[in-house]
Amino acid sequence: MGAGARVSTGWRRRSLLAAGAALAAAGCAPRGLAHIEGGFAGVSHERGHRLRQPWPTRAPDVTHRVHTVIAGGGVAALAAARALRLAGHDDFALLELEDTAGGNSRGMQVGGIACPVGAHYLPLPGDDARAVQELLEELGLRRRVAGRWQYDERALCHSPQERLFIDGHWQDGLLPVQGVGAATLAQYRRFADAVAAARRAAHYAIPVQKSTFAPVQFAQDAITFEVWLDTQGLTDAHLRWYLDYCCRDDYGAGIASVSAWAGLHYFASRHGFAAPSEGGGDDAGLLTWPEGNGWLSQRLAAPLEGRLRAGRVVGRIEHGRHGVSVDALDVASGRLERWQARQAIVALPAWVAARVIESPPEALRQRAASLRTAPWLLAQLQLRAPLDDRPGAAPSWDNVLYGAPGLGYVDARHQSLAPVPGPTVLTYYRALDGEPGGRERLLQTPWSAWRDTIVAELGAAHPDLGQKTARMELVRHGHAMAIPAPGTLQEISRLRTSIQRQKLSQSEHPTLIFDAAPRLAFAHADWSGYSVFEEAFTLGHAAGAALS
Ligand SMILES: Cc1cc2nc3c(=O)[nH]c(=O)nc-3n(C[C@H](O)[C@H](O)[C@H](O)COP(=O)(O)OP(=O)(O)OC[C@H]3O[C@@H](n4cnc5c(N)ncnc54)[C@H](O)[C@@H]3O)c2cc1C
């Protein structure tokens with residue numbers, strides 16, 4: 001570990017201790033929370049863990065024949081299914097482990113109020129994400145009016161979008177500006193210049209397959225973002241908190257874990273970084289719904305009807321010269337199903353795919369071996385009544401507490417046009433990658449302990465939270481998404497080169513079809529190195545288009 005990493009670990013511990021002290025000072029120790037009901041929801045760990053047991057060797061209870069099987073039912077799988085449908089291919093089945101499709105982009109309900117199980121927004125896609133733009137046009141979310149693109153006002157995130165609780169006040173925007181000195185502002189400007197320079201030097205694209213993969217990007221990919229900040233002399237605590245927050249929010253891991261390429265990509269691939277003096281803090285264009293990106297998944301899944309087979313654990317995929325055989329357990333009936341097909345789209349997380357495919361291609365083995373995944377905790381807090389507020393900026397869509405272990409909360413009712421605030425659900429997010437024993441703690445900590453911790457944390461800004469919370473549902477994602485650690489871009493680039501050499505796809509984006517498994521196309525955000533809707537959708541779309 002380099003000196004920079006040691007410095008930063010201390011910095012993070014100090015900020016967590018400061019947060020703890022702030023909670024204690026605010027008199028927010030949890031008490032009288034027994035009235036809050038709830039439990040764990042949203043993700044079926046037992047089904048996923050079924051793969052840890054030996055897979056049944058008995059003959060299947062039922063055999064189906066289709067032209068194409070799609071294994072998995074996240075955004076990548078749904079995009080693949082849409083591409084098949086658009087090409088006129090209807091003879092396929094999509095096998096999903098959970099009871100609804102969408103994966104990390106599903107919605108759920110708490111007390112009759114819709115809220116996200118994971119992904120809660122989609123930034124307005126740029127021109128590199130053409131397939132996503134087309135989807136938005138198809139769903140009526142984007143249309144050209146008098147030569148300009150307009151987005152549906154109901155989904156476009158209303159103002160106020162974001163606020164930060166710092167030093168006992170709420171400020172507009174998430175970059176700390178309240179009470180910071182000239183030295184901090186100067187570091188903000190230097191970081192803005194560095195992002196602008198990075199954008200001039202190379203193309204940071206979403207989807208990543210459209211990046212330039214320039215030498216300067218590989219140099220950034222070789223070190224952590226934290227080390228890069230050290231080398232740039234960007235040491236300001238407020239700037240570092242903000243950058244760490246952004247990385248944890250998008251990548252599930254902080255500046256000490258993600259590569260400098262990923263840290264810069266966060267800004268350079270979208271709107272850059274605006275220091276306050278340059279007009280920073282403006283609302284970003286993004287689409288959101290009470291159920292988050294579950295709104296999009298539901299619309300992608302709706303046309304599938306009987307072709308969507310939910311509650312199926314895919315446990316074995318065999319591929320050969322004559323076709324593909326996919327075995328899945330029907331959770332409701334306990335029956336073992338065999339799906340025989342000419343080809344399959346494997347839209348499973350890479351580490352699951354490597355486990356279930358007989359003779360997995362070497363590239364898949366390598367990707368699964370190098371993959372580090374982020375554990376996430378979400379808490380759905382059902383509120384009986386609106387919260388009292390501390391001074392400062394008004395309640396926003398995204399509400400973050402400076403220095404807290406969690407990433408704050410979004411309000412499911414934010415897009416509501418109702419004139420007065422009422423009962424709602426707040427979705428609290430916490431990425432546990434940087435925390436010692438994070439994944440074990442996620443899965444082993446009792447619900448009531450998480451309840452107390454979360455109420456205490458948010459209580460610094462909302463002393464009445466415990467009293468007004470009726471219910472808290474916790475969603476645990478053990479292996480939610482790929483972390484873009486150093487070396488990720490190098491790996492993606494290697495894959496891209498080997499794929500392009502094969503020239504197997506006529507679609508706009510290269511498709512993952514390996515020589516060793518020509519009847520399998522792969523699609524999942526793990527193959528992009530980090531997980532956002534545009535990456536998953538583009539890969540799925542390309543796989544569906546290539547196999548149509
Ligand atoms: C907490 C959280 C917040 C996020 N927020 C955002 C956001 O706001 N915006 C954004 O763009 N992205 C966000 N993301 C990223 C999100 O992961 C992507 O947007 C996208 O949903 C990834 O889709 P995917 O298809 O690649 O993967 P997944 O969602 O992982 O889909 C894989 C699917 O395979 C299924 N599966 C797994 N094993 C089996 C098996 N054995 N048999 C059958 N099926 C199986 C899973 O149930 C799942 O449905 C967030 C992710 C998390 C975890």
Side-chain angles (χ1 to χ4, degrees), residues 28-52 73 96-120 252 290-294 297-298 310-311 313 331-332 374-385 387 404-413 423-432 435 437-459 462 464-481:
C28 298
R31 54 177 185 270
L33 300 182
H35 64 276
I36 302 178
E37 297 179 344
F40 296 109
V43 176
S44 319
H45 295 279
E46 325 73 53
R47 294 188 192 175
H49 290 167
R50 178 65 189 76
L51 296 181
R52 291 179 176 174
E96 163 57 35
L97 174 142
E98 300 284 354
D99 291 333
T100 49
N104 289 339
S105 295
R106 275 175 297 138
M108 62 187 281
Q109 298 236 333
V110 177
I113 298 174
C115 48
V117 163
H120 50 292
E291 67 273 48
N293 292 358
S297 297
Q298 221 181 349
V313 182
V331 176
W376 278 85
L377 174 71
L378 271 70
Q380 316 286 10
L381 289 86
Q382 184 194 346
L383 301 188
R384 269 190 283 267
L387 296 171
L407 298 163
Y409 64 85
V410 292
D411 183 348
R413 214 165 172 273
T424 189
V425 171
L426 306 182
T427 304
Y428 160 93
Y429 286 82
R430 180 159 167 175
L432 287 98
E435 302 182 20
R439 183 166 293 116
E440 291 69 36
R441 235 156 41 76
L442 172 72
L443 299 176
Q444 287 161 17
T445 303
W447 172 84
S448 57
W450 279 127
R451 174 199 61 194
D452 298 351
T453 305
I454 292 164
V455 171
E457 180 184 323
L458 298 180
H462 301 295
D464 54 339
L465 180 77
Q467 175 208 331
K468 288 181 177 158
T469 302
R471 189 167 189 83
M472 190 189 295
E473 299 287 359
L474 296 179
V475 181
R476 297 172 298 176
H477 297 272
H479 300 271
M481 50 161 72

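All figures in this text were calculated on a predicted structure; none of them were measured in a lab. Index from 1, following the sequence.
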Kindly compute the distance separating [atom1] ([X]) from [atom2] ([Y]), expressed to the nearest 0.5 Å.
X: D411; Y: T424; atom1: CG; atom2: OG1; result: 4.0 Å
X: I36; Y: S448; atom1: CD1; atom2: OG; result: 11.0 Å
X: R439; Y: R476; atom1: CZ; atom2: CZ; result: 13.0 Å
X: R384; Y: K468; atom1: CZ; atom2: NZ; result: 10.0 Å
X: D464; Y: L387; atom1: CG; atom2: CG; result: 5.0 Å
X: L33; Y: D452; atom1: CG; atom2: CG; result: 5.0 Å

With no hydrogens and no angle check, is any side-chain donor or acceptor of [X] less than 3.5 Å from a backbone partner on [Y]?
X: S297; Y: S105; result: yes
X: E96; Y: A310; result: no
X: E98; Y: T100; result: no
X: H477; Y: L378; result: no
X: R106; Y: G42; result: yes
X: H45; Y: L443; result: no

Quiz prompt | Salt-bridge contact D99-R47 (side-chain N to carboxylate O under 4.0 Å) | solution =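 A salt bridge is present here (some side-chain N lies under 4.0 Å from a carboxylate O).
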Practice problem: Give a yes or no on whether a salt bridge exists between E435 and R430, defined as a side-chain N under 4.0 angstrom from a carboxylate O. | Solution: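 Counted as a salt bridge, because a side-chain N and a carboxylate O are separated by less than 4.0 Å.
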Quiz item: H120 vs Y429 aromatic rings, parallel, tilted or perpendicular, using cut-offs 30° and 60°?
Solution: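 Ring orientation, 0 to 90° scale: tilted.
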Would you say [X] and [Y] make side-chain contact, with heavy atoms under 4.5 Å?
X: W447; Y: E473; answer: no
X: M108; Y: V475; answer: yes
X: V425; Y: L381; answer: no
X: H479; Y: W376; answer: no
X: T427; Y: C115; answer: yes

Can you give me the closest heavy-atom contact between [X] and [Y], atom names plus distance?
X: V455; Y: L465; answer: CA-CD2, 4.0 Å
X: T445; Y: F40; answer: O-CZ, 3.8 Å
X: G438; Y: P375; answer: C-CG, 4.5 Å
X: V331; Y: V313; answer: CG2-CG2, 3.9 Å
X: A431; Y: L407; answer: N-CD1, 4.1 Å
X: P290; Y: P116; answer: O-CD, 3.4 Å

Quiz item: Can you check side-chain contact (heavy atoms from CB on, under 4.5 Å) on Q298 and E291, steps first, answer last?
Solution: CA-CA 10 Å; Q298 221 181 349; E291 67 273 48; 4.2 Å; yes
Self-check item: Qualifying residue for side chain to side chain contact (heavy atoms under 4.5 Å, CB included) with Y428, from E457, M472, Q380
Solution: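 Only match with Y428 under side chain to side chain contact (heavy atoms under 4.5 Å, CB included): E457.
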Exercise. Output, in order, the C-alpha distance, side-chain angles, deciding distance and verdict of side-chain contact (heavy atoms from CB on, under 4.5 Å) for L432 and L377.
Key: CA-CA 7 Å; L432 287 98; L377 174 71; 3.8 Å; yes
